[in-house]
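Just so it is clear, the structure is predicted and the values come from calculations on it, not from any experiment.
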Amino acid sequence: MIPQDTNDEDVSLFDAEEDAGKRSKKNIKHPMASFFHLFFRVSAILVYLFSEITGTSFIACMVTIILLLSCDFWTVKNITGRLMVGLRWWNQVDDDGRSHWVWAYGICRCAQQGSDSESRIFWLGLIICPVLWAIFVFSTLFSFNIKWLPVVIMGVVLQGANLYGYVRCKVGSKTNLKNMAKNYFGRQFLKQALSKEEES
């Protein structure tokens, strides 16, 4: 049985200290997974950025971008998340026909022994690329280049779905993300206030 998160404790996405005992810091254990985690998403962004410069037809660029985004979605959801950080999410339909989302962690022992570098590659790639696609949505709207709007929305949706799924895996399915953000910023404010008092 795959372990599922049932606790409500706060978890930070980038706290390497909490996993420092479990992870090695120097080398990348899964170089192919790390490569393909970034390859499809960066390739899709590059094809989008250079499509106007190269003069390639819109249809060829659109199909290439959507294929790259689809490959990225599948690879990140099913392979790199499991290998690099030990997280996975999926939808399960029960016998009654109801849909249930499953947020799993610790499903691959190799990920528990993974490196901090892999974890950072995973989370930075997972966060930065959807932000870039969101910027592309606004630039497409403001430049009135409406033919690209479905493509950039597809980028936001596919990469945003993976981001949402893995954040839910990391922080837990029962944890309210809004409360987690409030608690995180509250703790940061408290740390800064205490450090300023100690310096005085």
Run the side-chain donor-acceptor check on residues 59-73: report pairs under 3.5 Å with partners two or more places apart or on a different chain.
residue : atom : partner : partner atom : Å
Thr64   : OG1  : Ala60   : O            : 2.7
Ser70   : OG   : Ile66   : O            : 2.8
Asp72   : OD1  : Arg41   : NE           : 3.0
Asp72   : OD1  : Arg41   : NH2          : 3.4
Asp72   : OD2  : Arg41   : NH2          : 3.1
Asp72   : OD2  : Gln159  : NE2          : 3.3

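Taken from CZ in Arg82 to CG in Leu87, the straight-line distance is 12.0 Å, to the nearest 0.5 Å. Rounding to the nearest 0.5 Å places CD1 of Ile127 at 9.5 Å from CZ of Phe122. Here the OH atom belonging to Tyr164 is positioned 4.0 Å from the CZ atom belonging to Arg168, to the nearest 0.5 angstrom.
One N or O on the side chain of Asp94 and one on the backbone of Asp96 form a donor-acceptor pair closer than 3.5 Å. Side-chain atoms of Tyr166 come within 3.5 Å of backbone atoms of Val76 as a donor-acceptor pair (strictly under, hydrogens ignored).
Side-chain contact between Met154 and Leu158 is present, with at least one heavy-atom pair separated by less than 4.5 Å. Ile45 has its side chain within reach of Cys129: a pair of non-hydrogen atoms, C-beta onward, lies under 4.5 Å apart. Residues Leu124 and Leu126 fail the side-chain proximity criterion, which asks for heavy atoms closer than 4.5 Å. In this structure, the side chains of His37 and Ile121 come closer than 4.5 Å at one or more pairs of heavy atoms.
Between Phe136 and Trp148, the distance separating the two ring centers is not shorter than 6.0 angstrom.
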Subject >> Leu149/Val151 under side-chain contact (heavy atoms from CB on, under 4.5 Å): CA gap, chis, key distance, verdict >> reply: CA-CA 5 Å; Leu149 192 59; Val151 177; over 6 Å; no

Subject >> Stepwise side-chain contact (heavy atoms from CB on, under 4.5 Å) test for Ser119 and Met84 >> reply: CA-CA 6 Å; Ser119 179; Met84 294 172 77; over 6 Å; no

Subject >> side-chain contact (heavy atoms from CB on, under 4.5 Å) evaluation trace for Ile153 with Trp133 >> reply: CA-CA 8 Å; Ile153 288 175; Trp133 283 109; over 6 Å; no

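For the residue pair Thr140/Asn145, the side-chain donor-acceptor check at 3.5 Å is not satisfied.
A perpendicular orientation is assigned to the rings of Phe39 and Phe36, their planes being inclined by more than 60° (bins at 30° and 60°).
In this structure, Leu38 and Gly125 approach most closely via the heavy-atom pair CD2-CA, 3.9 Å.
Under the 4.5 Å side-chain heavy-atom criterion for Ile, Leu, Val, Met, Phe, Trp and Tyr, Val42 and Ile53 are members of the same hydrophobic cluster.
The number of heavy atoms from other shown groups lying within 6.0 Å of CG (Asp95) does not exceed 12.
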